[in-house]
Structures are given as structure tokens and as C-alpha cells.
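Notes to accompany the following structure.
By convention here, the first residue in the shown sequence is residue 1.
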Amino acid sequence: MATREDGPGSYTIFTQIVADLLGVPMESKALHGMDSLLSTVQMPAGIPVGTLAIGSAGAKNAALLAIAILANHRPELRAKLHQFRAAQKEKIAKEVLQ
């Protein structure tokens with residue numbers, strides 16, 4: 001697996017096999033990541049890219065989405081993801097109710 005810069009402030013992970021891509025636009029100073037977002041979502045037909053939020057929030061969500069995709073066929077990941085989401089649900093409920 002390798003990476004390359006595809007557009008302004010965005011990186012794509014690619015492999016020698018056919019794979020789905022998760023795009024995380026990187027935040028830029030000038031346009032606050034909007035340039036990266038547009039270059040990520042404007043991929044040509046036939047190259048599907050799941051685009052997430054700009055910056056670190058998008059990176060965290062991309063990791064969770066990748067785990068969720070892999071968890072479809074890996075029970076150990078599925079169990080860990082369910083544990084994480086249960087803990088996250090409790091944390092958010094406490095923050096909201098306080």
C-alpha cells in the first residue's frame with residue numbers, strides 16, 4: 001500500500017488491487033479545506049470515493065468507517081466496535097445531561 005497526493009491537501013491510499021477509497025479532505029489555511037473537499041468529491045464516474053469530513057474529525061470517522069466495513073467479516077472487530085459505540089453512547093449521554 002502506498003499514498004500519493006491527489007489534489008490540494010488531500011491524500012489517497014491506493015493498492016495494486018481494486019479497492020474502495022475513503023477520502024479525508026485535509027484542512028488548508030487559505031480555504032479551510034474546501035479546496036480539498038471539492039477535489040475529493042469530484043472523482044470521475046467509476047472511481048467511488050466515500051468522502052468524510054474535513055480534517056481530524058474526518059480522519060477519526062474514516063477510521064471508524066473502515067473498522068465498520070472490516071467488521072462485516074471479522075467478528076473480533078465487530079465486538080470491539082460494539083464496545084466502543086456503547087462506551088461512546090454513555091459518554092455523550094453524560095455530557096448532554098450535565
Side-chain angles (χ1 to χ4, degrees):
M1 189 178 333
T3 63
R4 71 163 193 244
E5 190 169 354
D6 271 338
S10 68
Y11 284 86
T12 299
I13 296 175
F14 62 97
T15 63
Q16 296 297 323
I17 60 171
V18 175
D20 294 325
L21 300 175
L22 300 178
V24 180
M26 298 185 72
E27 192 165 358
S28 59
K29 289 183 181 182
L31 297 173
H32 306 287
M34 288 303 296
D35 51 343
S36 301
L37 175 64
L38 293 174
S39 68
T40 304
V41 299
Q42 293 178 344
M43 295 299 285
I47 304 175
V49 176
T51 304
L52 293 110
I54 296 169
S56 63
K60 290 173 186 173
N61 285 336
L64 289 169
L65 181 55
I67 291 168
I69 292 167
L70 293 172
N72 285 320
H73 299 288
R74 297 185 183 178
E76 70 282 359
L77 285 179
R78 188 177 311 120
K80 289 180 181 181
L81 183 60
H82 285 289
Q83 290 172 353
F84 172 81
R85 288 184 174 163
Q88 189 177 32
K89 181 179 176 180
E90 283 183 35
K91 178 184 171 191
I92 291 169
K94 287 179 184 178
E95 289 174 4
V96 170
L97 294 176
Q98 288 181 356

* Asked: Which distance, rounded to the nearest 0.5 Å, do you find between the CG of Leu37 and the CE of Met26?
  -> 14.0 Å

* Asked: Roughly how far, to the nearest 0.5 Å, is the OG1 atom of Thr51 from the CG atom of Leu21?
  ->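 Nearest 0.5 Å value for the CG-OG1 distance: 9.5 Å.
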
Name every donor-acceptor pair, under 3.5 Å, that has one atom in a side chain of residues 87-97 and the other anywhere in the protein, sequence neighbours excluded.
none

Please find the pair of heavy atoms, one from [X] and one from [Y], that lie closest to each other, and give the distance.
{"X": "Thr40", "Y": "Pro25", "result": "OG1-CG, 4.1 Å"}
{"X": "Ala59", "Y": "Val24", "result": "N-CG1, 3.6 Å"}
{"X": "Leu31", "Y": "Ser28", "result": "N-OG, 3.6 Å"}

* **Sub-4.5 Å side-chain heavy-atom contact between Ile54 and Met34** =>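 In contact.
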
Determine all donor-acceptor pairs shorter than 3.5 Å in which one atom belongs to a side chain in residues 67-82; sequence neighbours excluded.
unit_1: Asn72; atom_1: ND2; unit_2: Ile69; atom_2: O; d: 3.3
unit_1: Arg78; atom_1: NE; unit_2: Ala71; atom_2: O; d: 3.2
unit_1: Arg78; atom_1: NH2; unit_2: Ala71; atom_2: O; d: 2.9
unit_1: Arg78; atom_1: NH2; unit_2: Asn72; atom_2: O; d: 3.0

